[in-house]
Amino acid sequence: MSLSMLPSPAAEQVRIVAPTLDVVVPVYNEEIDLEPCVRRLHEHLRTGVPYPFRITIADNASTDSTRDVARRLAGELPGVVAVHLPEKGRGRALKHVWTHSDAAVLAYLDVDLSTDLGALLPLVAPLISGHSDLAIGSRLARGSRVVRGAKREFISRTYNLILRGTLSARFSDAQCGFKAIRADVAERLLPMVEDTGWFFDTELLVLAERAGLRIHEVPVDWIDDPDSRVDIVATAIADLRGIARLTRALGSGRLPLAALRRQLGRNPLPVPGVPAGLAGQLLRFAAVGVASTLAYLLLFALLRNGFGPQAANLVALLATAVANTAANRRLTFRVRGSDGAWRHQAQGLVVFAVGLGLTSGSLALLHLASDPPTIVELGVLVVANLVATGVRFLLMRGWVFRAAPASFDQA
């Protein structure tokens with residue numbers, strides 16, 4: 001990949017001492033908007049941000065005169081440099097410049113300056129102080145003021161809902177072109193980000209969140225650019241493909257997010273007397289348990305008349321036990337990949353035998369006393385399953401999924 005950096009003499013002097021902030025402006029065929037953007041940004045940084053700065057114009061394969069405009073601005077304005085990459089892709093441009101930057105905090109904003117620059121200092125200040133790891137401008141956060149059409153509003157909100165449903169994302173706005181990251185965090189996180197286009201932002205944020213990093217959100221004033229040339233359909237398709245790829249990557253366990261969490265020191269806060277992660281595990285285990293119990297009772301009711309209570313109990317419990325172990329492995333204890341899956345299922349069957357003993361024993365005692373109706377049997381089984389559930393959690397946490405801590409993702 002070729003690289004052209006053409007700073008002015010004054011910019012060379014600025015670069016003797018590494019800047020605190022490097023603001024990247026990724027551009028593709030922006031010969032008209034580039035100069036007013038950079039001049040306005042430069043004036044804002046010079047007068048309104050009390051940190052040494054650099055503005056990096058990242059031209060990714062422009063075919064118009066954008067490269068010439070970038071060179072001229074780099075020659076005129078101190079602290080402005082121009083980078084040319086021969087391949088397209090906003091994510092590619094950001095990853096390349098951020099990887100090679102010597103600044104402590106790395107940021108980027110869109111060339112149309114849809115986001116008001118008044119949010120820039122609140123965006124980077126928590127990163128400079130070390131309080132947060134990433135920061136994003138959010139058009140959907142409380143306090144934001146946004147002007148855009150109904151179509152763009154619908155697409156943005158739908159996309160963020162999809163992220164919440166598929167990747168359990170908790171940040172409010174993935175695609176606002178106004179973000180920053182600490183350089184030490186970027187050094188560890190960027191090698192995991194595969195996308196080179198518009199999905200780059202989303203992938204970066206999802207991985208950061210899964211690694212337990214702190215994401216600071218800034219409400220912004222944002223006005224839609226009516227001249228935006230983003231292909232919404234193509235971008236949406238690429239984003240959906242990116243979501244599918246990232247879901248598979250997270251599910252396979254091939255991303256070392258637990259190691260990243262340990263390196264950057266964002267493990268959960270310790271609570272005296274409470275094992276790490278216990279509260280979250282209990283909630284997830286309860287949700288899986290409710291679903292398993294409902295499935296178990298439904299199967300038992302369907303099979304009871306044809307097979308009898310004991311056989312129906314055996315089949316229903318066995319079927320749900322296998323699904324329960326798989327769900328708890330993936331959701332409750334965050335074990336990724338296929339390593340140990342068969343061993344976990346075998347141990348899960350031992351736990352199943354304990355549950356079978358409790359529920360079958362309860363049914364046997366009930367039938368010794370009387371010939372109860374089905375509703376009474378179901379009530380006894382619910383109580384027996386509650387006891388078995390407590391035993392199951394203790395055995396799964398302390399025995400089945402206690403091994404191979406490197407495979408755990410506690411996000």
Side-chain angles (χ1 to χ4, degrees), residues 1-12 14-15 18-19 21-46 53-103 105-115 117 120 124 137 175-181 183 186 190 193-204 225 227-232 234-235 238:
M1 180 178 293
S2 65
L3 176 66
S4 171
M5 302 189 72
L6 300 170
S8 67
E12 277 295 327
V14 172
R15 292 175 60 204
L21 175 64
D22 192 347
V23 182
V24 182
V25 183
V27 289
Y28 171 73
N29 288 350
E30 296 287 357
E31 60 184 1
I32 296 175
D33 291 339
L34 178 57
E35 182 166 354
C37 164
V38 172
R39 291 192 181 278
R40 180 178 161 194
L41 174 61
H42 186 273
E43 180 65 14
H44 179 82
L45 289 169
R46 188 181 66 81
F53 68 86
R54 177 192 301 137
I55 298 174
T56 302
I57 304 169
D59 170 26
N60 46 112
S62 292
T63 56
D64 61 3
S65 61
T66 296
R67 186 177 184 182
D68 296 330
V69 175
R71 285 176 170 175
R72 178 165 52 79
L73 290 169
E76 293 180 15
L77 299 175
V80 176
V81 298
V83 177
H84 177 76
L85 292 91
E87 298 175 272
K88 287 181 62 176
R90 183 180 70 169
R92 177 181 286 108
L94 289 174
K95 187 173 184 179
H96 181 80
V97 175
W98 281 357
T99 299
H100 291 84
S101 178
D102 57 354
V105 173
L106 313 167
Y108 95 88
L109 50 80
D110 287 339
V111 69
D112 59 13
L113 293 184
S114 294
T115 305
L117 291 176
L120 185 56
V124 302
Q175 292 183 310
C176 181
F178 197 73
K179 295 182 175 68
I181 185 171
L190 288 178
V193 181
E194 297 182 16
D195 192 79
T196 60
W198 293 96
F199 189 69
F200 173 88
D201 300 50
T202 300
E203 187 168 0
L204 181 74
D225 178 12
D227 190 39
S228 175
R229 283 165 285 173
V230 176
D231 188 330
I232 295 177
T235 301

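Just so we're clear, the structure is a prediction, and the values are computed from it rather than from any experiment.
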* **Of N60, L85, L190, the residue whose pairing with H96 passes side-chain contact (heavy atoms from CB on, under 4.5 Å)** => L85
* Criterion side-chain contact (heavy atoms from CB on, under 4.5 Å) against R90, the qualifying member of D195, D110, T196, V27 ->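 For R90, the side-chain contact (heavy atoms from CB on, under 4.5 Å) test succeeds with only one of D195, D110, T196, V27, which is D110.
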Atom pair [atom1]/[atom2] of [X] and [Y] - distance to nearest 0.5 Å:
X: T56; Y: W98; atom1: OG1; atom2: CH2; value: 11.5 Å
X: L120; Y: L109; atom1: CG; atom2: CG; value: 7.0 Å
X: R39; Y: L73; atom1: CZ; atom2: CG; value: 5.5 Å
X: L34; Y: N29; atom1: CG; atom2: CG; value: 11.5 Å
X: T235; Y: F199; atom1: OG1; atom2: CZ; value: 12.5 Å
X: L77; Y: L45; atom1: CG; atom2: CG; value: 11.0 Å

Looking at every heavy atom in both [X] and [Y], which two are closest together, and how far apart are they?
X: P78; Y: E76; value: CD-O, 3.7 Å
X: A74; Y: A82; value: CB-N, 4.0 Å
X: V38; Y: I55; value: O-CD1, 4.2 Å
X: K179; Y: Q175; value: NZ-C, 3.8 Å

Hey, does [Y] have a side-chain heavy atom less than 4.5 Å from the side chain of [X]?
X: T115; Y: C176; result: yes
X: D102; Y: P19; result: yes
X: F53; Y: H42; result: yes
X: E30; Y: C37; result: no

* From CA spacing to verdict: side chain to side chain contact (heavy atoms under 4.5 Å, CB included), R72, E35 -> CA-CA 9 Å; R72 178 165 52 79; E35 182 166 354; 2.8 Å; yes
* Short N-O contact, R46 and E43, less than 4.0 angstrom ->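 So R46 pairs with E43 through a salt bridge.
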* Taking atom types as modelled, find out whether D59 and T66 have a side-chain donor-acceptor pair closer than 3.5 angstrom. =>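 Their side chains do not contain a donor-acceptor pair, so the 3.5 Å distance test is not met.
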* Asked: Is there a donor-acceptor pair under 3.5 Å between the side chain of E203 and the backbone N or O of V193?
  -> no
